[in-house]
Chemist: 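What follows is a single structure, and I will ask about it in a moment.
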Amino acid sequence: MQERYDFKNIEQKWQQEWDQKNIYYRPDYSDRPKYYCLEMFPYPSGKLHMGHVRNYSIGDVVARFKTMKGYDVLHPMGWDAFGLPAENAAMKHGVHPAGWTWENIENMKQQLKQLGLSYDWQREVATCHPDYYKWTQWIFLKLYQQGKCYKKTASVNWCPSCTTVLANEQVVEGACERCDSKVEQRQLEQWFFRITDYSQRLLDDLQNLSGWPEKVRIMQENWIGRSEGAEVKFKVSGSGEEIEVFTTRPDTIYGVTYMVLAPEHPLVNTITTGTDYEEDVSAFVKKVRNMSELARTTAEKEGVFTGAHCINPINGERIPILVGNYVLLEYGTGAVMGVPAHDQRDFEFAKKYNLPIRPVIQPEGTDMQSKELTEAYTGEGVLVNSGTFNGLPYKEAIRAITDKLEESNQGSGRINFRLRDWLISRQRYWGTPIPIIYCKKCGTVPVPEEQLPVVLPTEVEFDFTGKSPLVDNPEFVNTTCPKCGDEAKRETDTMDTFIDSSWYYLRYTSPKETEGPWNKNNADRWMGVNQYIGGVEHAILHLLYSRFFTKFFHDQGLVKVQEPFENLLTQGMVLKDGAKMSKSKGNVVSPEEIVGKYGADTARLFILFAAPPERDLEWSDRAVEGCNRFLNRVWRLYQSVLDEVKDAPTVKDANKLVGVHQELRRITHQTIKKITDDVEKRFNFNTGISAIMEQVNAIYTYRDKVPQSERNPAVMREALEATVLMLAPFAPHVTEELWQAMGYNDSIHQQPWPVYDEKALVEEEVTIVVQINGKVRERMLVPADYSADDMKKYVLDQPKVKQLTEGKQIVKTIAVPGKLVNIVVK
RNA sequence: GCCGAAGUGGCGGAAUUGGCAGACGCACUGGACUCAAAAUCCAGCGGUGUAACAACCGUGUGGGUUCGAAUCCCACCUUCGGCACCA
């Protein structure tokens, strides 16, 4: 065994050896129970950052641990390879996006390998490969056939810097999620997926995801935004038109004093054209429409009267119709009944325009009408000013009024969702082409399945306007209609890259399948993902889309599961000096540098030791050194005692062990128990590693305190083997080296996880705490099997305790076996 | 504004079911080894206090429940994350 811990040689040697022996390869079937461990695949930006290292180190511990626990572990890796940065690089450096991407993939793959991650590289996928996106297109066609995919003109989010549209989910506080530019609204014809058909199921099934962080479930719940209420029809006076509104408070319908339409509402034109109000209204609409979404949501509530009136169906009252900037066309019906007494927004609006405010809900035992309202009352209460419904509690009134409206066909109960359909077309080049052809005769025609893939042309010219080069590419655009054979044009939009990443976890189960997107048997064997690991920034986008896809696939009989990810771990960020690492802040620590200086094992150990996975992690160069020091300490320990233990037998007659030998064995087994719990049940790798450190310290103490002639080589060997086995998932290279040094030829990563001996954990005596009135006064050693009564008796009999309680009256004594005795005195 | 999470030594963090606060590591201090340094090893390391003990204080703040609270309850403060005219 080498004197020095030479991480460079060791890591290189074992990475090669593992590669050669293919030890991480997983065949499709085996007798062992399956375990699918998945980490979110990266965008191939060119270089790994610390966030990746953290993500993949966590996943690797899980995969290695489960393998040692006897599972058949699927642990694949791939590339989310389509996306805008490739195009930007093309424009900036004149390289082709494809070349740029493949080069980055090669680079990052090397970096991943240097970390010693246990991936089955035979399952690697890249979403930009035609063998992959062929099936992305196939999925698009499936959705199209099933009526889950459609094209429509809508007000959409446009990012001027990325020169493309964005999905609702990709707009963060009115800005582009990627580049932070202000998002504009444009009227464009775009492709959508009908994710809203799944709103209720996506919401309901969150209940089954007990293995997900509560936080993520709540975020999705809010995003889906279900609200229960009623739809009510208001007839427009003097015309046949009707305005429908959605309300969650039909009980307040007697409090309606006006009606507000969204500026984009189609009726606005109908009711104002040719009237005296037309000019004012259209000026107002124009003004509001020109505002960005952000400006609009922060602006003061404003409105204008249309001159028209409508009739409240419940009491026949005539109320004015206004147009207001605070009403959104996209939500509900784009019209709101104004109930200023019981809705804060309506209240502010009514105050500004002197519209009547009529309370109809009154908290029991008060008189709402006698005092002037200063804000809307949104709480519980009983109905007043509401005709025959007076005196009814509001909850019952919601029911009764909805029923009444339903009887007369003027409304009905209704559920509304905040979730919008998923806008999936992008005016970009580097993405999966949408397999649609436009024919003058036949209209919109899907590309037949046997013509897939629609290949993204590589011979393209990039100009600097940001316009997609597909648009002006005649070889791509010009085609023939699959139906009639006439000249036709291809769709030049490509798909949102979130589509690519919404099904990759299925492709891993049969990455080379040519008959379909995946092999159903394989998919059903491996799915769902037992443990998914990634950043919380995907809590809505990627995770919601993937859930939608899986449900759709399930409905099509393509896969058995209804949810893709059984357990989800959202790792925290990697911080330096309290802030997220970023180029602009100049606080980036490169993984390459750390691996070069201390080795992958040290880097991994630090990142897993510094904080539990879910929390943010503060980078510390000093603490990294500390982890390196620990591995050196382990190395030296083995080196110093290897000769002593190399030919040692296994521990026999364990029950006959006494003293320090028994103690070392007890610590070994206690450590196994602790770390197994930490890794398996809690993912608390930091405390697990600290337990291994304590174990190492204990072996050192044993070595130093017990003369060599008296040491028990079998107990020592057991301790050393357990240590290295437990450390193996965290630091795979150095542990492999030490394992081989112990005389083994098989890889440590194919060994079973150590098992603790319940009998070895038992202690004969334990230290208990003696408290007086809850304050620790004394510690004493008592037999471990003492009952509560034994403990009380023993403790109260001690001279020291008698002295402490002298002159005081003992009111009560509480004893917890093995832990403490508390004496309450007066 | 609404929803959620967190707040513990100089620092990262631990305390798993209400039972010894500060495990493990970093930093620091003293010592050993060395011509010297690095590395390594040993010891110390929340605060007040003491010659040393003792004792007292201490888990964001204030209250409460309990024999006993970092842990449970109530109110508040701060930081971070998500949503934000959703009718």
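Chain A is the first sequence line, chain B the second, and so forth, proteins listed ahead of strands; every chain is numbered from 1.
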Chemist: Contact class for A:R615 vs. all strands (heavy atom < 4.0 Å): base, sugar-phosphate, or nothing?
Modeler: sugar-phosphate

Chemist: Within the 4.0 Å heavy-atom criterion, would you say A:V339 contacts the bases, only the backbone, or no part of the nucleic acid?
Modeler: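 Here A:V339 touches no strand at all.
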
Chemist: Quick test: give all pairs of protein nitrogen or oxygen and nucleotides 40-44 of chain B nitrogen or oxygen below 3.5 Å, distance rounded to 0.1 Å.
Modeler:
unit_1: B:U40; atom_1: O3'; unit_2: A:R636; atom_2: NH2; d: 3.3
unit_1: B:C41; atom_1: OP1; unit_2: A:R633; atom_2: NH1; d: 2.7

Chemist: Can you give the dot-bracket line for RNA chain B, where a pair is Watson-Crick or G-U wobble with both atom distances under 3.5 Å, crossing pairs use [ ], and | marks a partner on another strand?
Modeler: (((((((..(((......[....))).(((((.......))))).(((......)))..(((((..]....))))))))))))....

Chemist: Just compare B:A87, B:A15, B:G25 and give me whichever is closest to any side-chain atom of A:F246.
Modeler: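 Closest of the options to the side chain of A:F246: B:A87.
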
Chemist: Would you tabulate the nitrogen or oxygen pairs shorter than 3.5 Å linking the protein to nucleotides 18-21 of chain B?
Modeler:
unit_1: B:G19; atom_1: N2; unit_2: A:Q771; atom_2: OE1; d: 3.4
unit_1: B:C20; atom_1: O2; unit_2: A:R779; atom_2: NH1; d: 2.0

Chemist: Check whether A:Y700 forms a cation-pi arrangement with A:R633 (NZ or CZ under 6.0 Å from the six-membered ring centre, at most 45° off the ring normal).
Modeler: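 The answer is yes, since A:R633 meets both limits relative to A:Y700.
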
Chemist: Need one value for A:G332: base, sugar-phosphate or nothing, where a base atom within 4.0 Å counts as base even if backbone is also close, heavy atoms only.
Modeler: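 No contact.
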
Chemist: Give me the distance, rounded to whole Å, that separates B:U66 from B:U29 when you measure between the P atoms they each carry.
Modeler: 49 Å

Chemist: Picking from B:C85, B:A87, B:A15, which would you name as closest to the side chain of A:K301?
Modeler: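 When the side chain of A:K301 is considered, B:C85 is the closest of B:C85, B:A87, B:A15.
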
Chemist: Under 3.5 Å, which N/O atoms of the protein pair with N/O atoms of nucleotides 52-56 of chain B?
Modeler:
unit_1: B:C56; atom_1: OP1; unit_2: A:R777; atom_2: NH2; d: 3.4

Chemist: Suppose the criterion is salt bridge (Lys or Arg N to Asp or Glu O under 4.0 Å): which pairs have a residue in residues 329-343 of chain A, not counting sequence neighbours?
Modeler: A:D343-A:R345

Chemist: Can a donor-acceptor pair be found, under 3.5 Å and without considering hydrogens, that links the side chain of A:T196 to the backbone of A:S199?
Modeler: no

Chemist: How long is the span from the NZ atom in A:K576 to the CD atom in A:E618, to the nearest 0.5 Å?
Modeler: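 Atom-to-atom, A:K576:NZ and A:E618:CD are 8.5 Å apart.
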
Chemist: Which listed nucleotide (B:C67, B:G4, B:G13) is nearest to the side chain of A:N686?
Modeler: B:G13

Chemist: Quick check against the 3.5 Å criterion: does A:D678 have a side-chain atom that pairs as donor or acceptor with the backbone of A:G688?
Modeler: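 Pair found, side chain donor or acceptor close to backbone of A:G688.
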
Chemist: Going from CD on A:E380 to CG on A:D251, what distance comes out if it is rounded to the nearest 0.5 angstrom?
Modeler: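 These two atoms lie 11.0 Å from each other.
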
Chemist: If you check every side-chain atom of A:W223, which of B:A84, B:A87, B:C24 has the closest atom?
Modeler: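 Out of B:A84, B:A87, B:C24, the nucleotide with an atom closest to A:W223's side chain is B:A84.
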
Chemist: A:N697 near the nucleic acid: base, sugar-phosphate alone, or nothing, with a heavy-atom cut-off under 4.0 Å?
Modeler: sugar-phosphate

Chemist: Using a cut-off of under 3.5 Å, enumerate the N/O to N/O pairs linking the protein to nucleotides 10-12 of chain B.
Modeler:
unit_1: B:G12; atom_1: O2'; unit_2: A:A610; atom_2: O; d: 2.7

Chemist: Can you tell me, in whole Å, how much space there is between the C1' of B:A75 and that of B:U65?
Modeler: 15 Å

Chemist: Contact class for A:T248 vs. all strands (heavy atom < 4.0 Å): base, sugar-phosphate, or nothing?
Modeler: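 Sugar-phosphate only.
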
Chemist: For B:G9 versus B:G62, give the span between their C1' atoms, rounded off to a whole number of Å.
Modeler: 24 Å

